[in-house]
Amino acid sequence: MISLRNVSKYYPAGFGKIYVLRNITLDINEGEFISIMGPSGSGKSTLLHILGLLEEPSEGEYLFFDQPVQKLSEKRRTDLHRNHIGFVFQAYHLIDELTVYENIETPLLYKGLSSSERKSRVAELLDRFNMVAKKDLFPTQLSGGQQQLVGIARAVAAKPKVIFADEPTGNLHSDQSKEIMELFKRLNQEDGVTIVQVTHSETNAEYGNRILRLKDGWLEPSEVIGSQL
Amino acid sequence: MLRNYLKIALRNLWRNPLYSLLNIGGLAVGLAVSLLVLLFVVHEVTYDRFHTHVDRIFQVYGKMKFGEQEIQMAAMSARFGPAVKAADPDVVDFVRIRKSSDRVVIKTDPEHRDFENRFILADGSLLKVFSFPLLRGNPATALSRPMTVLLTERMARKYFGETDPIGRTLTYDGKLTFEVSGILKDPPSNSTLDFDFVGSLSSHPAVERIRNTIIKDDQVAFFDQSVGMGSYETWFLLRSPEAAGRVARIVPRLVKASGHSTGETKFIFSPLRSVHLGTANFGDTANLRYVYIFLAIALIILGLALINYMSLTTARASKRAKEVGVRKAMGALRRELAAQFYGESFVMTVAAFGLALLLVQLLRPVFFQMLQLRIDDSFLYGPAFLLTILGLLLLCVLLSGSYPAALLSGFRPVSIMKGPFRADRRSVWVRRGFTVLQFAVSLALMVCSLTIGKQLDFMRNRHLGLFKDRVLVLPLDDSRFNTAFRSRVQAQAGVEQVAATSSPLYRNGYSMFFAEAPKTKKQVSLYVMSVDENFFRTLRIPWKISPSEPTRLTTGNTLVLNEVAAREMGIAERPVGRQLQIGGETQEVVGLLKNFNFSSLHSPIQPLAVWVAKDTVRQLNTLYVRLDPKADLRQKVAEIGAVYRSFRFEKPFEYYFLDQAFDALYKAEDRLARMFQAFTAFAVFIAGLGLFGLVTFMAEQRTKEIGIRKVLGASVAGIVALLSKDFLRLILVSVGLASPAAWYIMERWLADFAYRIEPDVRLYVLAGGATLLIALLTVSVQSVRAGLANPVKSLRSE
Ligand SMILES: Nc1ncnc2c1ncn2[C@@H]1O[C@H](COP(=O)(O)OP(=O)(O)O)[C@@H](O)[C@H]1O
Ligand SMILES: [Mg+2]
């Protein structure tokens with residue numbers, strides 16, 4: 001589904017350039033649950049943004065469902081964001097002026113669903129995430145864990161093929177982390193959503209089926225969590 | 001989707017009350033002021049458009065040369081209109097109008113008696129050519145008989161109350177009786193033709209005869225058989241607008257045929273549409289200039305308000321950046337986001353508009369009174385102004401939304417996913433530019449206000465070469481009681497001196513005569529007035545060369561000149577004893593007056609010839625009463641009024657003070673000064689509001705930095721300085737930009753005055769200082785608050 005060929009990313013610095021990612025070659029299949037790990041500043045977020053089509057690689061080739069994304073028009077790219085890709089952020093990034101209900105509804109609005117379709121989809125998610133009672137609250141009235149639940153509900157609302165999550169539990173304590181991870185696992189196994197997450201915690205990484213380790217922009221050989229499969 | 005945007009817009013409004021208040025309030029004030037000004041502008045440019053035939057109505061002017069001067073006159077002879085109509089089938093109709101320069105006294109009964117200065121005489125075709133609806137009476141016959149009159153509604157009410165005026169009579173200057181034959185709707189305020197009474201034109205001979213009882217029939221203007229210049233404004237209704245040029249060309253032939261030479265006179269047909277703004281005929285473009293000045297100011301104030309809005313909105317961009325990033329990651333297109341921010345501007349602007357309309361209602365009476373404007377209420381609800389409002393709303397929505405929408409929708413999602421958003425440098429610069437612009441405009445306006453005020457003061461307090469304080473002026477009727485009345489006034493306690501002249505000073509202007517310069521034989525124009533012997537003493541006008549034999553002053557074949565007249569005539573060397581040809585008579589110069597300003601200070605002192613007459617002469621019908629400095633002015637006026645009433649003059653008692661009349665010459669400047677003061681206040685207010693908002697947000701954005709600095713030991717003063725420094729620098733830049741601009745504009749304005757102040761650096765320093773102070777106060781309110789905040793609190797909230 002996703003395939004990177006010799007992808008590099010650099011930023012200009014003075015007269016030279018600073019490489020953040022170097023020569024990354026990587027394949028991700030549909031239905032995988034991947035954890036990206038590595039020390040701070042090793043390029044994890046950058047890699048995730050490239051995968052999520054928020055940033056463009058400086059060199060190399062990126063195929064998303066066998067399509068080279070460098071050549072995609074703005075419209076096609078937007079279309080992928082609307083229908084195939086979901087994001088979960090470390091800082092949740094909910095829209096403060098919208099209620100829980102409205103936050104989850106927003107991607108459906110961009111997708112262009114009818115009002116009744118939206119209503120049933122949001123109701124279904126609220127029910128599934130146990131948030132029915134909180135649907136009219138604003139993000140600031142929720143705890144961090146609850147906010148991240150809303151963030152995930154929002155990410156899966158449009159039924160994406162893949163979810164990119166950048167340190168989704170970085171601001172949460174361990175009970176809440178566990179809940180989120182269980183949720184990801186269920187989404188992956190029951191709904192077949194491909195998940196790519198960045199995490200610092202080995203425990204969280206274990207929820208996935210494969211761990212990618214980045215160091216100074218280099219990708220180390222991936223390790224498969226084979227014993228559980 | 002739209003609902004979603006609207007919801008966010010409203011919640012944003014609600015959640016940030018201070019911001020919303022500053023933003024909507026500032027915009028509303030700006031809009032209200034521009035709406036008021038636009039009301040005036042639209043009123044001006046729609047002048048006379050209410051006439052159904054506006055495009056086909058033309059007024060005739062005669063343009064002629066008098067010596068060096070070109071003079072334009074609108075008064076034609078009685079036969080002019082009929083002759084032109086008979087000569088050309090393209091002329092559908094004509095209207096002759098006689099406007100009187102004098103006020104008349106209208107009386108229905110002793111309780112209903114007053115001065116009226118809008119009594120015109122006109123042909124009955126007035127009702128056909130123009131669109132002045134007749135509410136009562138028959139339009140076909142209303143003005144057909146002599147001594148009939150139409151009243152406007154307001155006059156019908158004033159003189160007849162609730163009773164029916166048709167068929168009733170009123171007296172004109174106590175001597176003529178007019179019968180009311182109809183009631184007209186009040187002419188709208190944007191009508192060039194303005195009247196309260198329309199008498200039939202055939203009444204004119206009777207009116208002329210009360211002024212001049214011995215006039216012969218063939219001297220009466222109405223019976224004048226010539227075609228040419230005369231006494232009547234003449235308007236034509238043509239079959240098509242294009243016919244005007246051709247009709248104008250046949251006029252000289254008609255004039256010649258009636259036995260006159262057209263000489264230098266050119267006849268011009270000027271379209272009604274452009275009469276008011278003076279775009280077609282040369283000369284008076286004062287109205288147009290005011291329209292431009294006002295329009296410029298409306299745009300500036302509106303611009304300031306919009307800039308304010310944009311700068312406050314984008315200052316909040318950091319708060320909205322996260323939302324933009326998230327929405328883009330969800331697949332929002334840039335134009336969808338732009339639409340969202342446009343929507344928010346729309347909500348804000350509409351709210352501001354609602355508030356502005358309310359403010360307009362509140363401020364309108366004050367505003368119009370201040371600027372001495374008269375605009376009908378009905379005009380406010382007319383289509384022209386409603387269209388203006390709609391247009392302005394559209395413009396505001398478009399403009400106010402444009403910059404924020406472009407800026408905010410352009411944020412790249414990654415840049416905000418990676419840690420806290422940092423305002424990009426460009427938008428910071430734009431905001432700085434906005435602030436500089438706002439303060440520069442405020443400052444320039446402030447300098448202009450101060451300069452105009454100073455020039456006004458200068459003119460009012462300038463020594464004029466005559467004594468104008470405590471001088472009561474009484475315009476009288478030329479009637480047989482004048483001399484007796486005069487001696488009674490003279491005898492009053494507290495009256496120092498009494499004098500009389502033929503025309504009131506500083507009121508209507510003076511007659512002009514041409515005299516031949518003895519050496520060059522050139523025609524020199526002289527203003528003339530007749531005065532009594534006491535005039536020079538009463539107004540303390542000094543002699544340059546006093547008459548050697550004072551008795552010769554009043555012999556009837558002598559005159560005195562002012563210094564300018566002597567110079568223009570080329571006789572400055574030895575003026576006394578010269579014989580001058582003036583008004584067809586030979587007169588000897590017997591004295592020379594020092595120059596004194598007898599008209600406004602716009603122009604330098606003009607040549608003046610003064611005839612001195614015995615104080616018993618009738619046409620000296622303006623009394624000057626100089627009062628004792630110790631006298632109570634109000635009480636003296638009351639006493640003299642009582643004396644006046646005891647004489648039973650036909651005219652009601654009327655007086656003014658000479659210094660007030662002089663001040664009134666500067667009504668236009670006074671109006672300009674007030675206008676600038678008001679606009680300056682608004683501009684400063686809006687700029688202050690904007691600055692306040694910006695500082696608030698800057699302090700908010702830097703809460704954490706301020707907290708850390710305080711923990712590290714920064715003082716409150718240090719924090720205030722930190723936050724204020726940047727803004728104060730901007731204000732200084734504004735001062736630098738605004739000063740030369742204001743200097744240039746005021747130099748041009750002052751160039752119109754013969755007597756003017758010189759530019760004064762102190763005014764600039766004063767305005768700059770005031771601006772700086774206002775900015776400093778605004779900034780410090782917020783920055784002191786930020787400085788005083790408990791650092792622990794702000795750090796924990798991060
Ligand atoms: N726009 C940029 N310009 C220059 N350097 C950048 C930019 N964005 C990220 N970097 C650098 O790239 C490196 C990797 O960043 P990131 O992918 O966020 O690391 P991680 O998420 O692993 O902590 C960091 O050293 C960061 O400073
Ligand atoms: Mg990161």
S.K.: Determine which residues belonging to residues 56-75 of chain A lie within contact range of chain B, meaning some heavy atom pair is under 4.5 Å apart, and list them by number or answer 'none'.
M.R.: Glu74(A)

S.K.: Less than 4.0 Å between a side-chain N and a carboxylate O, is that true for Asp96(A) and Lys322(B)?
M.R.: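 Between Asp96(A) and Lys322(B) there is a salt bridge, with a charged N closer than 4.0 Å to a carboxylate O.
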
S.K.: Below 4.5 Å from any heavy atom of chain B, which atoms of Leu94(A) appear? Answer side chain, backbone, both or neither.
M.R.: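 Interface part for Leu94(A): backbone (N, CA, C, O).
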
S.K.: Less than 4.5 Å apart, any side-chain heavy atom of Met330(B) and any of Arg154(A)?
M.R.: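 With C-beta onward as the side chain, the pair touches.
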
S.K.: Write out, in numerical order, the residues from residues 335-345 of chain B with a heavy atom short of 4.5 Å from a heavy atom in chain A.
M.R.: Glu336(B), Leu337(B), Gln340(B)

S.K.: Counting only heavy atoms not in Phe129(A), do more than 12 sit closer than 6.0 Å to its CZ atom?
M.R.: yes

S.K.: Could you tell me whether the side chain of Glu323(B) reaches within less than 4.5 Å of the side chain of Glu97(A), counting heavy atoms only?
M.R.: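 The answer is yes, as the side chains (C-beta and beyond) meet within the 4.5 Å cut-off.
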
S.K.: Is atom NZ of Lys215(A) surrounded by more than 12 heavy atoms (other residues, nucleotides or ligands) closer than 6.0 Å?
M.R.: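 Atom NZ in Lys215(A) is not crowded, with 12 or fewer foreign heavy atoms closer than 6.0 Å.
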
S.K.: Would you mind reporting whether His81(A) and Leu333(B) have side-chain heavy atoms less than 4.5 Å apart?
M.R.: no

S.K.: Tabulate, in ascending numerical order, the residues of residues 100-121 of chain A having at least one heavy atom closer than 4.5 Å to a heavy atom of chain B, or enter 'none'.
M.R.: Glu102(A), Thr106(A), Pro107(A), Leu109(A), Tyr110(A)

S.K.: Using heavy-atom distances under 4.5 Å, tell me whether Ile95(A) contacts chain B through its side chain, its backbone, both, or neither.
M.R.: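 For Ile95(A), the contact with chain B is made by the side chain alone.
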
S.K.: Mind checking what makes side chain to side chain contact (heavy atoms under 4.5 Å, CB included) contact with Leu355(B), not counting sequence neighbours?
M.R.: Ile24(B), Ala28(B)

S.K.: Tell me whether the guanidinium CZ or amine NZ of Arg15(B) lies under 6.0 angstrom from the six-membered ring centre of Phe138(A) and within 45° of its axis.
M.R.: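 The answer is yes, since Arg15(B) meets both limits relative to Phe138(A).
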
S.K.: More than 12 heavy atoms of other residues, nucleotides or ligands under 6.0 Å from CZ of Phe692(B): is that the case?
M.R.: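 Count over threshold, so yes.
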
